[in-house]
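In what follows, a structure is listed as structure tokens, so that the remarks can point back to it.
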Amino acid sequence: MAYDVAAVRAQFPILHPVAADDGTVRPLHYLDNGATAQVPRAVLDAMVAHETTARSNVHRSVHRLAEAATRAYEGARQDIARFIGSQPAQVIFTSGTTAAINLVAHCFGARLRPGDEVLVSVLEHHSNIVPWQMLRERSGIVMKALPATADGRIDLDRLDDLVTDRTRLIALTHAANVTGAVTDVARVVAAARAVGAEVLLDGAQMVPHGPLDVPALGVGFYCFSGHKMFGPNGIGVLWGREDLLADMPPFMGGGEMIAHVTLDRTSYAAPPMRFEAGTPPITPAIGLAAAARWLAGQDLAGAEAHLKQLTALAIDGLSEMEGISVIGPTGTQARMPVISFTMDPLHPHDVAQILDSHGVAVRGGHHCAQPYMDSRDIAGTVRASLALYNDRDDVDALLRGLHEVRALL
Ligand code: PMP
């Protein structure tokens with residue numbers, strides 16, 4: 001059966017704008033999913049149901065609501081574990097990908113010594129660059145970066161000369177947020193294993209496309225954000241291999257991360273609690289689990305084929321337009337539906353602003369990837385990032401809008 005995009009769209013209230021008082025309806029072609037995706041009714045309902053029937057703190061009181069909240073929160077951990085093929089004890093709730101990477105930089109980083117090397121790439125989001133620079137300031141580690149290929153992929157041919165016997169961690173994006181390029185994880189893991197290093201993958205742009213068997217990837221750490229996978233914001237996940245988590249000191253100190261506290265010393269809880277100090281984001285975790293269940297229940301093979309078609313359509317349309325250069329792979333293999341381009345001589349912000357006046361929401365700028373923009377000698381790109389509810393109308397509106405931008409010049 002053909003992929004039923006209309007049935008998917010119908011589940012997202014925001015995609016069906018209501019008329020304003022004067023009767024006008026502003027169209028919405030939402031193509032900024034790489035920044036934040038929208039939420040389906042099922043996720044909103046799960047959060048409202050929790051807030052209205054079981055709101056309480058978790059792991060503390062013994063009353064009925066507290067027990068219901070604890071069950072729901074730990075149930076959410078189990079759902080996320082199932083979604084990524086893991087055990088619940090290896091799932092740590094954080095506030096997002098950024099917090100997850102900072103956690104690893106602090107806690108795994110605490111074991112690193114001056115001269116130990118962390119290898120990133122020039123295509124990383126700032127959240128996978130700055131925490132390592134901060135660790136470098138604290139601990140004297142050495143940071144190296146893989147360059148990018150001309151078509152916007154991490155240049156893995158350079159692994160041979162950049163991985164050394166001092167490499168302790170290779171921290172890379174699983175799918176690049178500017179170019180959509182998907183990283184060949186097996187190659188990275190092989191290079192890391194050859195020198196006994198670990199791999200961290202930033203899955204922020206990967207996980208919105210469906211469940212993954214994270215342990216089978218062979219990496220040490222994996223992280224992602226709820227708000228990009230049809231869940232709420234303020235919640236994300238760090239997955240860590242059991243032995244690595246067991247060996248790491250805590251990140252923040254406070255309630256829930258302890259085994260026993262005296263005024264002289266504290267012993268710490270086992271993972272995952274060791275890394276979840278304070279009241280956790282309970283309702284967001286429940287929303288995230290609902291998003292994971294919702295996503296796993298979609299026609300994902302159909303969505304993938306549908307998004308490949310839309311990506312090809314968008315890239316073909318862009319390639320025909322004067323002054324536009326696609327920044328990233330121009331094929332549909334090993335790439336996500338994230339399409340960046342420049343439009344000479346306009347600044348990406350101006351293009352995004354004009355598109356907005358046509359009801360097309362895209363992002364224009366450096367996308368928190370300034371090192372990559374510098375490496376291409378550009379100020380930024382316009383980025384159209386698609387999700388499984390986008391349809392041909394959205395891509396047509398983008399291309400039509402760009403023709404109108406061109407006509408204004
Ligand atoms: N990594 C990538 C690849 C991203 O696209 C983003 C979000 N733009 C992040 C990390 C940061 O995610 P968050 O802001 O949710 O922590």
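Counting starts at 1 for both ligands and their atoms, in listed order. The structure displayed is predicted, hence computed values, not measured ones.
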For [atom], grab the closest protein heavy atom and report residue, atom and distance to one decimal in Å.
atom: atom 10 (C) of ligand 1; answer: S127 OG, 3.2 Å
atom: atom 2 (C) of ligand 1; answer: D202 OD2, 3.4 Å
atom: atom 14 (O) of ligand 1; answer: T98 OG1, 3.7 Å
atom: atom 5 (O) of ligand 1; answer: Q205 NE2, 2.6 Å

Close aromatic pair by centroid cut-off 6.0 Å: Y222 and H174:
yes

Which ligand 1 atoms are under 4.0 Å away from a heavy-atom of N177?
3 (C), 5 (O)

Near T173 (heavy-atom distance under 4.0 Å), the atoms of ligand 1 are 3 (C)

Matching residue for I235 among P280, P281, S225 - test: side-chain contact (heavy atoms from CB on, under 4.5 Å)
P281

Of L159, D155, V122, V188, the residue whose pairing with L146 passes side-chain contact (heavy atoms from CB on, under 4.5 Å)
L159

Determine, considering heavy atoms only, which of K228, M206, H367 sits nearest to atom 8 (N) of ligand 1.
K228

Of the listed options G226, G96, G234, S225, closest to atom 15 (O) of ligand 1 (non-hydrogen atoms):
S225

Would you check whether H125 has a nitrogen or oxygen atom less than 3.5 angstrom from a nitrogen or oxygen atom of ligand 1?
yes

Is there a heavy atom of H227 sitting under 4.0 angstrom from any atom of ligand 1?
yes

Hey, what's the ring geometry for F108 with F221, parallel, tilted or perpendicular (30° and 60° as the breaks)?
perpendicular

For R77, which of Q90, Q87, E276 qualifies under side chain to side chain donor-acceptor pair (under 3.5 Å)?
E276

Have a look at N128 and tell me which of H125, E124, H126 forms a side chain to side chain donor-acceptor pair (under 3.5 Å) with it.
E124

Do the side chains of V207 and K228 get nearer than 4.5 Å, heavy atoms only?
no

